[in-house]
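Report on the following structure.
These numbers come from the heavy atoms of this one structure, side chains and all, not from hydrogens, waters or symmetry mates.
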Amino acid sequence: MSNNSILVVGGGFAGITAALEAAEVGFEVYIVETNPYLGGRVAQLNQYFPKLCPPSCGLEIQFQRIKNNPKVKFFTMAEVVSVAGGPGAYDVKVKIRPRFVNANCTMCGECAKAATTTVASEFDFGLTGRKTAYSTHLFAFPQRYVIDAAACAPGELDAIASACPYGAVDVSDAEKTVDLAVGSIVWATGWKPYDMAKLTNLGGGKLKNVVSNMQFERLAAPNGPTSGKILRPSDGAEPKRIAFVQCAGSRDENHLNYCSYICCMASLKHVTYIREKCPDARVTIYYIDLRTPGRYDNFMQKVAADDKLTLVKGKVAKIVECECQSPILTVEDAVTGIKGEEKFDLVVLATGMQPSCAGSKLPVALGMDDDGFVGDDADKGLVAAGCAKLPLDVMKTAQTGTGAALKAIQNVVGR
Ligand SMILES: Cc1cc2nc3c(=O)[nH]c(=O)nc-3n(C[C@H](O)[C@H](O)[C@H](O)COP(=O)(O)OP(=O)(O)OC[C@H]3O[C@@H](n4cnc5c(N)ncnc54)[C@H](O)[C@@H]3O)c2cc1C
């Protein structure tokens, strides 16, 4: 039987936008999100261009709209397992992992104090640890802790439950399956950072003072591992010379065979973080082409006026480290043709955005190209949005979310 509800898979900027656009014109929407929170990668940024606002600024408005709209229902720690049926009448099975924390949670943090095990923090890309009872960030939505029961030591889960003054820890929570009947599906599963450990010549994942651009976002974030101080991971010293390596793995047939669109802008934005937090630090950006499309060029011109910033057109071939763990770059200047070595205190690899579904099989009949980007089948009510479809900034991501909502609505109206 046909159904005019809409399923949105992925609760990042694309998915939230698609969901709200559809719900606010009267359609019932379900968001299925694998993380314990909504907001996607934007939640992990320190600030986002072009206005350089903190992520809470854009996201909290969206969360309010979700809270105020009974047409939007969402599942976190959830994934689509299978999709059966056809256009206008899809039967979707969703698996929900246990959170072990119910709606009584007040975010008081007593559970985290009782937790004794620490594991690497996914939210901070391993730059710090998190407890087995944790909240990823202050403005996490929903405002509710998570218990990582699988990582708990014997007896730890019970100790965590006893420490909660509100009876919010439910040790009996278990995996559930939910069946949804929907007419259209928006696929908005976004991106993951390209695995820098694959960039062996650049010391990715091996050299302590070579970090990825997303790790740099966390280093600069006030809620990050260093409370917003930009410090070298090896010794906690403030870096005086910082280099950015553009196209780290991007536009390279051995890694990501495309331009990720935002990495040049992200590194220029990172220069503004450095200027604010390490005012005297000297910065060099090594690039193949600086790509700052459209009005982003104004941002580039402004940042490029910084007299402690040097822009070098050149490809970084290799990074090794000296005894004090400072990275040494081998670079060929593309203008002078001179090959040389430069030593820095900290290096940031501008790694690209890889579609999060790359390398996996979709549970829905949507096409995927060789890079893992998902295509549309709009006539069947199957629509892709955001970085699941192509690399985008937040503004264009939101536009594709709106477009996807319209296509999803067109498919369910009149059935
Ligand atoms: C270093 C860096 C800095 C950046 N800075 C900026 C900036 O300053 N300004 C700007 O405009 N853009 C910036 N971007 C780009 C920005 O992050 C993206 O435009 C934005 O995240 C795209 O949103 P999205 O919803 O498409 O994807 P995502 O943010 O990735 O959200 C996708 C959501 O889907 C979920 N998901 C994934 N798989 C599944 C699944 N199978 N089932 C259910 N849920 C799933 C994920 O958990 C996630 O919550 C930056 C990117 C990088 C790499």
Side-chain angles (χ1 to χ4, degrees), residues 12 34-35 40-41 44-45 119-128 189-219 225 232-234 242-267 270 284-291 312 314-322 325-332 334 341-342 344 346-362 368-374 386-392:
T34 188
N35 278 335
R41 297 283 172 197
Q44 289 170 292
L45 303 178
V119 297
S121 159
E122 304 86 350
F123 196 77
D124 287 330
F125 300 102
L127 288 171
T128 185
T189 49
W191 63 278
K192 55 188 173 189
Y194 185 66
D195 180 5
M196 69 167 177
K198 292 185 178 158
L199 305 170
T200 46
N201 59 322
L202 302 179
K206 206 175 90 205
L207 305 185
K208 271 210 152 168
N209 295 320
V210 173
V211 298
S212 72
N213 48 9
M214 281 307 279
Q215 286 180 318
F216 196 75
E217 289 285 347
R218 298 308 305 144
L219 281 178
R232 292 189 356 145
S234 70
I242 304 173
F244 288 83
V245 179
Q246 297 308 114
C247 295
S250 297
R251 303 169 69 196
D252 180 339
E253 60 185 19
N254 298 310
H255 298 285
L256 299 182
N257 203 8
Y258 53 88
C259 165
S260 276
Y261 182 72
I262 48 75
C263 311
C264 291
M265 276 297 288
S267 295
H270 292 165
T284 304
I285 298 182
Y286 294 102
Y287 66 93
I288 305 176
D289 302 292
L290 265 186
R291 292 185 167 170
V312 177
K315 180 105 181 134
V316 176
K318 191 170 81 173
I319 306 181
V320 294
E321 65 180 11
C322 69
Q325 294 186 294
S326 292
I328 301 169
L329 276 61
T330 303
V331 197
E332 181 169 341
E341 286 190 349
E342 289 284 340
F344 292 90
L346 183 69
V347 171
V348 182
L349 301 182
T351 47
M353 300 194 284
Q354 184 171 34
S356 58
C357 292
S360 60
K361 197 174 172 308
L362 296 181
M368 209 195 266
D369 70 16
D370 291 345
D371 297 312
F373 291 106
V374 176
C387 291
K389 190 179 164 108
L390 76 169
L392 292 170

Are side-chain heavy atoms of [X] and [Y] found at a separation under 4.5 Å?
| X | Y | value |
| --- | --- | --- |
| Val245 | Leu329 | yes |
| Phe125 | Pro193 | yes |
| Asp289 | Arg251 | yes |

Run the ring pair (Phe, Tyr, Trp, His ring centres under 6.0 Å) test against Tyr258 and tell me which residues pass, sequence neighbours left out. Phe373
Counterpart residues, ring pair (Phe, Tyr, Trp, His ring centres under 6.0 Å), relative to Tyr261 (two or more places apart): none
Does the pair Val210 and Leu202 meet the rule for a side chain to side chain contact (heavy atoms under 4.5 Å, CB included), with working shown? CA-CA 8 Å; Val210 173; Leu202 302 179; 5.6 Å; no
In Å and rounded to the nearest 0.5 Å, what is the [atom1] to [atom2] distance from [X] to [Y]?
| X | Y | atom1 | atom2 | value |
| --- | --- | --- | --- | --- |
| Arg218 | Leu127 | CZ | CG | 9.0 Å |
| Leu256 | Cys263 | CG | SG | 8.5 Å |
| Ser267 | Ile262 | OG | CD1 | 8.5 Å |
| Leu362 | Cys357 | CG | SG | 5.0 Å |
| Asn254 | Leu199 | CG | CG | 10.5 Å |
| Phe344 | Phe244 | CZ | CZ | 10.5 Å |

Check side chain to side chain contact (heavy atoms under 4.5 Å, CB included) between Val312 and all other residues, then give those that pass, not counting sequence neighbours. Thr284, Tyr286, Thr310, Asp333
Set of residues satisfying side chain to side chain contact (heavy atoms under 4.5 Å, CB included) with respect to Ile328, sequence neighbours excluded: Val320, Cys322, Glu341, Lys343
Return the set of residues passing side chain to side chain donor-acceptor pair (under 3.5 Å) with Gln44 (not counting sequence neighbours), or none when no residue passes. Arg41
Strictly by side-chain hydrogen bond (donor to acceptor under 3.5 Å, both in side chains), give each pair with a member in residues 200-213 just once, sequence neighbours left out. Asn209-Ser234, Asn213-Thr351
Here the pair of heavy atoms bringing Val331 nearest to Gly314 is CG1-C, 4.2 Å
Set out, in order, the CA-CA distance, both residues' side-chain angles and the distance that settles side chain to side chain contact (heavy atoms under 4.5 Å, CB included) for Met265 and Arg291, then state yes or no. CA-CA 8 Å; Met265 276 297 288; Arg291 292 185 167 170; over 6 Å; no
Side-chain donor-acceptor contact under 3.5 Å, Arg232 with Ser326: yes
Consider side chain to side chain contact (heavy atoms under 4.5 Å, CB included). Of Gln215, Met196, Gln246, which one does Leu349 pass it with? Met196
Check Met214, His255, Met353 against Tyr194 for a side chain to side chain contact (heavy atoms under 4.5 Å, CB included) and give me the one that passes. His255
